Amino acid sequence: MIGYAAGRSPLHRAHPYTPLAAASAVLLLAFAVSTPGAVGVVVLAAVALALLGDATGAIVRPMLVLVLPTWALLLVLHGILGGDPHLVLGPVTLSEPGVRRALVLGGRVTAIVIAFLTALATVSPPRLVEAMTARGVPFGRIFLLVSSLTLVPRMRARAVQILDAQQSRGLRIGGSAAARVRALVPLVLPLVLGALAEVEEQVLALDARGAASGARRTALDPPRDTLGERLVRMALIMAVLMAYAAKFMGRGA
Amino acid sequence: MTFGVRLERVRAGYGQGDVLHDVSLDVAAGESLALLGANGAGKTTLARLLIGLVRPSAGRVTVGDWDVSGRRPDELARRVGYVFQHADHQLFARTVRDDVAFGPRCLGLPGDGVAAALEELGLSRVAGAHPYDLPAPARKLVTLAGVLAMGAGVLVLDEPTAGFDHESRELVVAALRRRIESGVTAVVVSHDLAFVAEAAERIVVMREGAIATDRRARDMLRDEDALHALGLGPPPAAALGLRLALSGSPVRIAECVAALRGARWTAPAV
Ligand SMILES: Nc1ncnc2c1ncn2[C@@H]1O[C@H](COP(=O)(O)OP(=O)(O)O)[C@@H](O)[C@H]1O
Ligand SMILES: [Mg+2]
């Protein structure tokens, strides 16, 4: 399930910016490094983040769904199409530079997906709204960010409701393959049309609430930010800067 | 065809614990019942049992001679027409007319109820329009027409008039009354007491997953203390009847008018 999963882990209790900063750092570090070993370290860091957020249970399925096809595609593409020398592994012959390339690309994708699924799972949207409001971020921008963070769970909830509604109108779900195909249109179209109608209504509602007025809002109960967390976020920024400095000084980490 | 609805010692929920605790309720064929209660009291859960979208974890739910637990929602749709609170969860056809025809087509019914349902709810004029070009209350009327066109013997309506103007509400009242008079059983979840007054004979109040009150609508709608306890007040016709001490305990507009016409009116001395 992609989206917030309630919990009491250190990441859940942290200021909402901290998990987001950690995920962003993983993203930037993944692109700063370019050897399979270094990418492996970034993947391990992402896994550690997921463990810290107690998020492994929540993210394992979407992670595999997103990552496994990527790996398969990369290994096939680069392993087969890459140049010499070739490795012979039993019945298959794979390009060594191709496999290295696939490991780097696949590792990057894996690390980034793990880190962002963890951030999504541990940052509560209402707390993020409070935190951003307290920092004076304009309401319209908060709304855009939060509606994208909560997009997947909302779509999922809507899909369930559509399924219920159409079955109640006599639509048979399941049965023959042809029946399944016929059932797709009444299930998929309302998902898209309903989402569009919702966006339109939300924009109107935002206007009505003066979102564009630029007036500063007051957070009711902003999440607490601690010195320790600020230091952690500073350290993440430093690590990213150092990684890029090393990369551009030609040592490639 | 019309059917009664019966819940016998039903427990039901969504996985973690029961939402409905041991609910028993008998709605006779042709009866019209309104469900009231605070948010989260379990009204929608009870309604969803009737179409098989929530399954009882204990007890039995029957619609006529059908036990719902043996049937899928699309089978139950032959007997139970369910109108959801949110219209945007089901509209998809290119025109209002096609969308209203979807339910009857799924059930293999002749489409002769479609035009009638459109007419009843004042949608004939927009039958060729795209449903999403209509404002939200009109989209909701379209979903209602789609269910009426299926001709079910039991109608279950979850907040059917929320957000409606007076005219739309009157259309819904008239359509529902016609169904009830022809023997259809109606279960309506609504906080709109003006609507409840016109549409229901009986009121059940739910509290924390159980039935707290079960009374004649006429008595409940004139009981200001009981309504205040729910954060509600008597609907206009009932309030007027109470203030003027009209005979016949009117709760509907027409009853109020009849009582006023029959009353011997003397202007109060100033
Ligand atoms: N899909 C669901 N999953 C889990 N819990 C739910 C779901 N729908 C409703 N509930 C819970 O069941 C209880 C009763 O809800 P509901 O029947 O919708 O009440 P009402 O319609 O009276 O407002 C509430 O506590 C609600 O949180
Ligand atoms: Mg409800």
Side-chain angles (χ1 to χ4, degrees), chain A residues 1 3-8 57-58 147 150-209, chain B residues 14 44 47-48 50-54 71-94 98-109 130-136 139 142-152 154-158 163:
Chain A
M1 181 67 187
Y4 182 65
R8 324 199 97 266
S147 56
T150 56
L151 185 68
V152 173
R154 279 186 297 130
M155 286 295 254
R156 198 184 147 103
R158 185 188 286 281
V160 170
Q161 285 157 340
I162 291 170
L163 200 65
D164 289 352
Q166 305 302 41
Q167 281 179 283
S168 305
R169 295 213 278 170
L171 183 70
R172 171 98 201 262
I173 309 291
S176 69
R180 280 163 205 255
V181 171
R182 270 200 308 276
L184 273 180
V185 171
L187 294 179
V188 174
L189 264 186
L191 196 62
V192 177
L193 294 170
L196 292 176
E198 185 184 273
V199 167
E200 196 175 319
E201 270 154 31
Q202 279 172 345
V203 168
L204 289 176
L206 278 180
D207 285 346
R209 291 168 63 187
Chain B
Y14 301 88
T44 297
R48 288 166 66 89
L50 305 180
I51 186 76
L53 290 173
V54 170
R71 299 181 189 264
R72 298 187 311 268
D74 58 290
E75 294 175 290
L76 287 164
R78 291 184 184 282
R79 289 195 172 179
V80 179
Y82 191 110
V83 177
F84 287 79
Q85 202 170 342
H86 298 287
D88 296 346
H89 294 148
Q90 62 184 65
L91 300 172
F92 72 98
R94 260 179 230 283
D98 286 348
D99 213 288
V100 171
F102 175 72
R105 210 176 59 234
C106 283
L107 297 182
L109 298 173
H130 196 288
Y132 282 90
D133 288 338
L134 304 179
R139 293 205 293 268
V142 174
T143 65
L144 192 58
V147 171
L148 294 182
M150 292 162 69
V154 179
L155 286 174
V156 180
L157 316 180
D158 199 347

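Within every chain, numbering begins at 1; the chains are lettered A, B, ... in the order of the sequence lines, protein sequences first and strands thereafter. Note that the structure is predicted; figures quoted are calculated from it, not measured.
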Measuring heavy-atom distances to chain A, does L53(B) have an atom under 4.5 Å in its side chain, in its backbone, in both, or in neither?
side chain
Portion of V185(A) that has a non-hydrogen atom of chain B nearer than 4.5 angstrom
both
To the nearest 0.5 Å, tell me how far F92(B) CZ sits from D99(B) CG.
5.5 Å
With a 4.5 Å cut-off on side-chain heavy atoms, are D164(A) and Y82(B) touching?
no
Going from CE on M155(A) to CD1 on I162(A), what distance comes out if it is rounded to the nearest 0.5 angstrom?
8.5 Å
So, the part of R105(B) with a heavy atom under 4.5 Å from chain A: the answer is neither
Hydrogens and angles aside, do Q166(A) and R169(A) bring a side-chain donor and acceptor to less than 3.5 Å of each other?
yes
Heavy-atom contact with chain A under 4.5 Å, split by part of R78(B)
neither
